[in-house]
Amino acid sequence: MLQQTRVAAVIPYYDRFLERYPSYDALAAAEEQELLGMWAGLGYYSRARNLQAAAREMVRLGGFPREYAAIRALPGVGEYTAAAVASIAFGLPHAVVDGNVLRVMARFGAEGGEITAAATKNRLREAADAFLDAAEPSRHNQAVMELGATVCTPKDPQCGRCPIEPWCEGRARGLARELPVKSSKTVIRRVERSLLVVMRNGHILLWQRPPDAVILSGFWELPEPHQLPKAKPGVALHRFKHSITNHIYQFEVFSVAAGKWSPPEGELWRWVPVAGLAEIPLSTTARKALAGLAQGKLFQ
DNA sequence: CATACGTGGAT
DNA sequence: TATCCAAGTAT
């Protein structure tokens with residue numbers, strides 16, 4: 001859950017998740033729709049499927065793997081997570097390299113290469129390995145990450161409060177604030193989109209993203225106009241903004257009268273009772289669109 | 001190996 | 001409002 005996600009955002013999800021799936025047996029047996037529902041809103045949904053796949057692997061293995069290579073081989077576990085689990089759970093001497101560590105080591109060694117370049121990352125990885133206190137890898141790793149999160153912060157680093165400031169090459173050269181060097185920013189695209197709210201007898205028309213969808217597979221969505229060419233958009237209900245990686249979507253939500261046209265047939269389309277919306281994994285866009293209507297006339 | 005993947009909080 | 005980026009991974 002913590003992969004690219006702030007601790008504060010994770011905590012409520014973590015608590016609910018552990019309550020519902022207290023063991024890897026429970027997680028391994030979970031229904032996919034329920035699992036996605038537990039993860040809905042947290043983002044990076046492949047993590048949920050990978051975590052379940054890992055749980056099923058543990059069922060097969062008969063327990064949690066205790067060696068770095070076996071941990072690293074679990075689905076969704078990369079170098080960072082493998083090192084974090086190996087060091088924190090099992091005391092194995094592997095240095096974690098997350099965003100915090102990259103920044104701390106870049107400043108500590110006055111690394112001037114672009115942070116996204118593989119060669120730079122490799123140098124910083126080596127620096128992190130050399131820096132590791134192999135006698136206490138758990139405390140060391142957490143300490144370096146915490147240093148990055150609280151003192152050696154991206155902007156306005158608090159060098160005066162830093163316990164390793166006397167040995168910091170970036171500080172000595174007055175570069176701490178400029179490091180790490182980041183590459184050119186990615187282009188953000190703005191896109192206008194529409195969502196349709198089609199109601200019939202207390203049910204709302206939704207479609208489900210197919211299993212092979214690149215994004216949000218398995219989640220339920222409101223239809224867009226091109227999916228319902230016969231439908232005539234009616235009242236514009238409201239607008240909201242939603243960003244997904246390098247896109248900023250401006251959504252406008254329209255109500256549509258269910259009338260003489262028919263919605264597409266098939267597994268992917270369903271009339272969902274409004275009262276049952278909580279039981280399926282709704283995409284965040286659908287959730288935002290419907291939340292904006294909650295006080296409106298639609299559901300009264 | 002550059003890029004896509006989600007979302008929201010901080011600045 | 002715009003930008004950054006978070007206890008990264010898979011492809």
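Within residues 40-59 of chain A, the residues approached by DNA chain B to less than 4.0 Å at the level of any non-hydrogen atom are A/Gly41, A/Leu42, A/Gly43, A/Tyr44, A/Tyr45, in residue-number order. Proximity of residues 1-8 of chain A to DNA chain C (heavy atom under 4.0 angstrom from any strand atom) is restricted to A/Leu2, A/Gln3, A/Gln4, A/Arg6, A/Val7. Residues of residues 148-159 of chain A having a heavy atom closer than 4.0 Å to DNA chain B: none are found. Against DNA chain B, the stretch residues 106-118 of chain A makes heavy-atom approaches under 4.0 Å through A/Ala118.
Judged as a ring pair (Phe, Tyr, Trp, His ring centres under 6.0 Å), and not counting sequence neighbours, the contacts of A/Phe131 are A/Phe108, A/His140. Take A/Tyr24 and apply the ring pair (Phe, Tyr, Trp, His ring centres under 6.0 Å) test, not counting sequence neighbours, and it matches no residue. With sequence neighbours excluded, the residues that form a salt bridge (charged side-chain N to carboxylate O under 4.0 Å, His left out) with A/Arg49 are A/Glu32. Among residues two or more places apart in sequence or in another chain, the salt bridge (charged side-chain N to carboxylate O under 4.0 Å, His left out) test is passed with A/Glu252 by A/Arg239. Partners of A/Tyr249 according to the ring pair (Phe, Tyr, Trp, His ring centres under 6.0 Å) rule, which considers only residues two or more places apart in sequence or in another chain, are A/His247, A/Phe251.
Residue A/Glu146 is classed as having no contact, given no heavy-atom separation below 4.0 Å to the nucleic acid. Within 4.0 Å (heavy atoms only), A/Val101 reaches no atom of the nucleic acid at all. Contact annotation for A/Lys121: no contact, since no heavy-atom pair falls under 4.0 Å across all strands. Backbone-only contact: A/Thr81 has heavy atoms under 4.0 Å from sugar-phosphate atoms and none from a base. Residue contacts for A/Thr284: at a heavy-atom cut-off of 4.0 Å it reaches the sugar-phosphate backbone alone, with no base atom in range.
In this structure, A/Ser283 and A/Ala119 both approach DNA chain B, and ranking their closest nucleotides by distance from the 5' end singles out A/Ala119.
Listed by first and then second residue, the salt bridge (charged side-chain N to carboxylate O under 4.0 Å, His left out) pairs involving residues 17-28 of chain A are A/Arg20-A/Glu34 (not counting sequence neighbours). The salt bridge (charged side-chain N to carboxylate O under 4.0 Å, His left out) analysis of residues 141-162 of chain A, with sequence neighbours excluded, yields the pairs A/Asp156-A/Arg177. Sorted by first then second residue, the side chain to side chain donor-acceptor pair (under 3.5 Å) pairs that include residues 67-81 of chain A, not counting sequence neighbours, are A/Gln3-A/Thr81, A/Glu79-A/Arg125.
Between A/Arg60 and A/Glu57 there is a salt bridge, with a side-chain nitrogen of the basic residue lying less than 4.0 Å from a carboxylate oxygen of the acidic one.
Note on A/Arg103: a side-chain N or O is less than 4.0 Å away from OP1 or OP2 of C/dA6.
Residue A/Gln142 places its side chain closer to C/dA7 than to any other of B/dC5, C/dA7, C/dC4.
Across C/dA10 and B/dG8, the matching C1' atoms stand 23 Å from one another, rounded to whole Å. Spacing of P atoms, C/dC4 relative to B/dT3, comes out at 16 Å, to the nearest Å. A gap of 22 Å separates the C1' atoms of B/dC1 and C/dA6, to the nearest Å. Taking atom P on both nucleotides, C/dT1 is separated from B/dG6 by 26 Å, rounded to a whole Å. Distance noted for atom P between B/dT11 and C/dA7: 13 Å (whole Å).
Figure legend: A/Arg16 and A/Tyr13 shown as a cation-pi pair, the cationic atom lying under 6.0 angstrom from the six-membered ring centre and within 45 degrees of its axis.
Side-chain contact, A/Thr285 with A/Glu221: a donor N or O sits under 3.5 Å from an acceptor N or O. In this structure, a donor-acceptor pair under 3.5 Å is absent between the side chains of A/Arg209 and A/Ser283. For the 3.5 Å distance criterion, the side chains of A/Thr116 and A/Ser183 qualify, holding a donor opposite an acceptor.
Note: CG (A/Asn246) to P (B/dG6) measures 12 Å, nearest angstrom.
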